[in-house]
Number of protein chains: 2
Amino acid sequence: MSNSVPEISDAEFAVLDVLWQHNPANANDIIAKLNETKPWHEKTVKTLLNRLVKKQAISYEKQQRSYLYSPLIERDSYLVKQSKSLVDKLFRGHLSPLITGFAQQSQLKKDDIAALKAIIADWEQEQKDD
Amino acid sequence: MSNSVPEISDAEFAVLDVLWQHNPANANDIIAKLNETKPWHEKTVKTLLNRLVKKQAISYEKQQRSYLYSPLIERDSYLVKQSKSLVDKLFRGHLSPLITGFAQQSQLKKDDIAALKAIIADWEQEQKDD
DNA sequence: TGATTATAATTACACTTGTAATCTAAGTGT
DNA sequence: ACACTTAGATTACAAGTGTAATTATAATCA
């Protein structure tokens, strides 16, 4: 059924990510925002915008001279899909080894721990409900 | 310092993954094992092996006619590195939103929960130790 | 030893990606 | 009305990737 999210390259993702934060936005705004962190040439960003349009990841609507772009794919579902596909590929679908890896590298932050506790509580609640 | 793990493509990863499980192995073994899950032509797998050698991700030693391949990069550190780079890209380094995403999709398995509990316990122990 | 066969090495080829430069058309200032 | 500027559209181009086919070479069988 529905849609199959297009493949988004790393560079394209960075553009999409800006659009998820401020939307709609025109090319210049997007370029300016991106340039806070990436040294990308204006032409490069335009190319990426074009590719995203072609992939139907974003849409645009003519403003005056320029375009106003908006995301077509939803941030949350995209992130979930990408996370899941990495976990499938690296850990055959199991999240725990990923988390363990992070823990061993001491990459867990306090809010991670808080989130984990909440998740466990929810999960156990659900078990009871069944 | 050391090394910087080479970029490994998806197809190359599948080959490396087989080698992590049985090592050393010759091309035919690897091809047979891969063909349990991937419909890849023998020539394709050989190409991937060559590329992995060129990238110094694996090494080989001449057996008789054929080669015996072995991984040069360590599985655990590779997995950690990939996990971390995805989490950096998608969640700016925070693991909790990834886990929350999984939880919402009910993708958490019982062993995931057990692992989470252990991790939390360890983390809290460490806090105390400080 | 010459033909056949197995391996590995080299080459192929289209598509994607990063990273722009060039071209074109539509406003704008004079 | 004409030159300049500013968008977006088109084209470029090398490296990497998926997916092999072709070629060279070494071992083996007849």
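Here is the naming used below: chain letters follow the sequence lines, and residue numbers restart at 1 for every chain. Predicted, not measured: the structure shown is a model, and the values here were computed from it.
- Among residues two or more places apart in sequence or in another chain, the side chain to side chain donor-acceptor pair (under 3.5 Å) test is passed with A:Glu42 by none.
- For residues 17-25 of chain B, proximity to DNA chain C is found at no residue, defined as any non-hydrogen atom under 4.0 angstrom from a strand atom.
- Contacts between residues 37-53 of chain B and DNA chain C, defined by a heavy-atom separation under 4.0 Å, are made by B:Lys43, B:Lys46, B:Asn50, B:Arg51.
- Sorted by first then second residue, the side-chain hydrogen bond (donor to acceptor under 3.5 Å, both in side chains) pairs that include residues 51-61 of chain B, not counting sequence neighbours, are B:Glu12-B:Lys55.
- Reading DNA chain D from its 5' end, the first and the last nucleotide to sit under 4.0 Å from a heavy atom of chain A are D:dT6 to D:dA12.
- For A:Gln63, the side chain to side chain donor-acceptor pair (under 3.5 Å) partners two or more places apart in sequence, or in a different chain, are A:Ser66.
- Residues satisfying the side chain to side chain donor-acceptor pair (under 3.5 Å) criterion with A:Glu124, sequence neighbours excluded, are B:Lys117.
- Remark: A:Arg65, A:Ser66, A:Tyr67 in residues 57-69 of chain A come within less than 4.0 Å of DNA chain D through at least one heavy atom.
- Taking CG from A:Leu48 and CD1 from A:Ile58, the interatomic distance works out to 9.5 Å, rounded to the nearest 0.5 Å.
- Remark: B:Asp29 pairs with no residue by the salt bridge (charged side-chain N to carboxylate O under 4.0 Å, His left out) rule, at least two apart or across chains.
- Judged as a side-chain hydrogen bond (donor to acceptor under 3.5 Å, both in side chains), the pairs with a partner in residues 75-95 of chain A (not counting sequence neighbours) are, in order, A:Asp17-A:Arg75, A:Lys84-A:Asp88, A:Lys89-B:Asp10, A:Arg92-B:Asp17, A:Arg92-B:Gln21, A:His94-B:Asp111.
- Listed by chain and residue number, B:Asp112 satisfy the side chain to side chain donor-acceptor pair (under 3.5 Å) test with A:Ser96 (two or more places apart in sequence, or in another chain).
- In this view, B:Ala14 and B:Leu34, B:Lys38, B:Trp40 satisfy the side chain to side chain contact (heavy atoms under 4.5 Å, CB included) rule, not counting sequence neighbours.
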